[in-house]
Amino acid sequence: MGTGHYFWAIFYFTSLCSASLANNAKINFREKEKKVLDQILGAGKYDARIRPSGINGTANLPTLVQVNMFLRSISKIDDYKMEYSVQLTFREQWTDERLKFDDIQGRLKYLTLTEANRVWMPDLFFSNEKEGHFHNIIMPNVYIRIFPNGSVLYSIRISLTLACPMNLKLYPLDRQICSLRMASYGWTTNDLVFLWKEGDPVQVVKNLHLPRFTLEKFLTDYCNSKTNTGEYSCLKVDLLFKREFSYYLIQIYIPCCMLVIVSWVSFWLDQGAVPARVSLGVTTLLTMATQTSGINASLPPVSYTKAIDVWTGVCLTFVFGALLEFALVNYASRSGLNKANMHKENMKKKRRDLEQASLDAASDLLDTDSNATFAMKPLVRHPGDPLALEKLRQCEVHMQPPKRPSCCKTWLSKFPTRQCSRSKRIDVISRITFPLVFALFNLVYWSTYLFREEEDE
């Protein structure tokens, strides 16, 4: 009997468990979700026009909305238009006690909606937005999750083009701060307050790639604004971008240096090679002007001087100076040749006069008596002759050893002081002066702007 009772007890217990499992298997959770949605969002039960109550259902307190975002990509940063484009996943979370429901002993974690107009939504807008759009491929990239305690999570993927005022004084050695601002459009801080989610309010994709910039860091802050209609809650995130200098070094600075150095080649050409020196100077000048024009075309017209303007302006001045140097050399050469020709003509005229005078003297000698005698004075210095002593003293003065010249005078003495050699002297001085001045400019330029960049950090 004891064994039979145990058998029937085990059989009865097994039957109850099987029935219970069968009943649970018959529960359709999708039907439960539909019933819950009908209960909390049915006609006459929920009004999406009324904002939720504050903390703990207090009607007098504002609704708190926590915000966080995931930065997916930054497609471009436009210096000319002063804007940048970003794609992000934007999330908001708040509590609406009217949306509480039974989770069926923890089996129903949350309800999902795809229609934002079914529940109350914060009236958030991006204050520095220029353009924006939602993503609807293949389906609208948006969802709303309603949790059993009445918490609502709203998530959407959006692409925005935002204004980014830039200070280009240090361009291209600059850093730029681009902000993303979010504020309430109609609800004041008495009704609605935006808060950054605690922990990690902004996430950035790991393999974020920008062609000309590097995202160094980002900062979150609050930016509440007051107008004549009230105070409105505002959030902002500042993105600090550092411009990649390697691109500009290869595309701008090195080519400009090469053009300046090429313009110095004319100093080593012969002063008589006029076509070669003129074509070289004009070509480098036009190329430098084209380079400067292309740089300015990609930047907005601003009222202040940029670092790149200083560089291109000085390089253009050096190239133009090399062209002017040839004009000075050519003028000095022609002036020296004219004076040399005049000197030759004067010498020829004097020579002709001397020849004519010698011929006249010879003819006079032929006309005199052949037996005429000439008095010859001996070339012997008589002792006590004061005139001879004075002449000897003058010779001794003129034969004194000269003073040792300086190094600069020695270098300049290699070139004759005649007018025809001044042009050559100008070329030699330019060969040394132009590179030294350009090297000094580079030292001052890079020391100044790199030091100012470190101060900005």
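- Under the 4.5 Å side-chain criterion, counting only non-hydrogen atoms from C-beta, Phe326 is in contact with Val274.
- Within the 4.5 Å cutoff, the side chain of Tyr154 has no heavy atoms near those of the Arg91 side chain.
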Before you tell me yes or no, could you show the steps for Arg181 and Glu129 under salt bridge (charged side-chain N to carboxylate O under 4.0 Å, His left out), namely the whole-Å CA-CA distance, both residues' side-chain angles and the distance that decides it to 0.1 Å?
CA-CA 8 Å; Arg181 295 173 175 265; Glu129 173 208 355; over 6 Å; no
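- In this model, a donor atom of one side chain and an acceptor atom of the other lie less than 3.5 Å apart for Gln93 and Ser151.
- Tyr304 OH: more than 12 foreign heavy atoms inside a 6.0 Å radius.
- At least one donor-acceptor pair under 3.5 Å links the side chain of Asn224 to the backbone N or O of Cys234.
- By the 4.5 Å heavy-atom criterion applied to side chains, Leu323 and Glu325 are not counted as neighbours.
- Cys164 pairs with Cys178 as a disulfide, the SG atoms being under 2.5 Å apart.
- Side-chain contact annotation: Thr63 with Arg51, donor-acceptor N/O pair under 3.5 Å present.
- Checking side-chain atoms of Ser266 against main-chain N and O of Ser263 turns up a donor-acceptor pair under 3.5 Å.
- Glu83 has a carboxylate O that lies under 4.0 Å from a charged side-chain N of Lys130, or vice versa, which qualifies the two as a salt bridge.
- Taking the ring axis of Tyr110 as reference, the NZ or CZ atom of Arg145 stays within 45° of it and closer than 6.0 Å to the ring centre.
- Under the 3.5 Å distance criterion, the side-chain polar atoms of Asp191 are left unmatched by any main-chain donor or acceptor of Pro62.
- Side-chain contact of Arg118 with Tyr46: a donor-acceptor pair under 3.5 Å is absent, judged by distance alone.
- Using a 4.5 Å heavy-atom cutoff, the side chains of Thr89 and Ile156 are not in contact.
- For the pair Met82 and Pro300, the tightest heavy-atom approach, listed with the atom from each and the gap, is CE-CG, 3.9 Å.
- Within 6.0 Å of OH on Tyr185 lie no more than 12 heavy atoms contributed by other residues, nucleotides or ligands.
- Classification of the Tyr253-Tyr445 ring pair by plane angle, with boundaries at 30° and 60°, yields tilted.
- Both tests do not hold together for Arg49 against Trp120: distance to the six-membered ring centre under 6.0 Å, angle to the ring axis within 45°.
- For Gln251 against Gln291, the heavy-atom pair with the smallest separation is O-NE2, 3.2 Å.
- For Tyr222, the OH atom counts as densely surrounded, since its 6.0 Å shell holds more than 12 non-hydrogen atoms of other residues, nucleotides or ligands.
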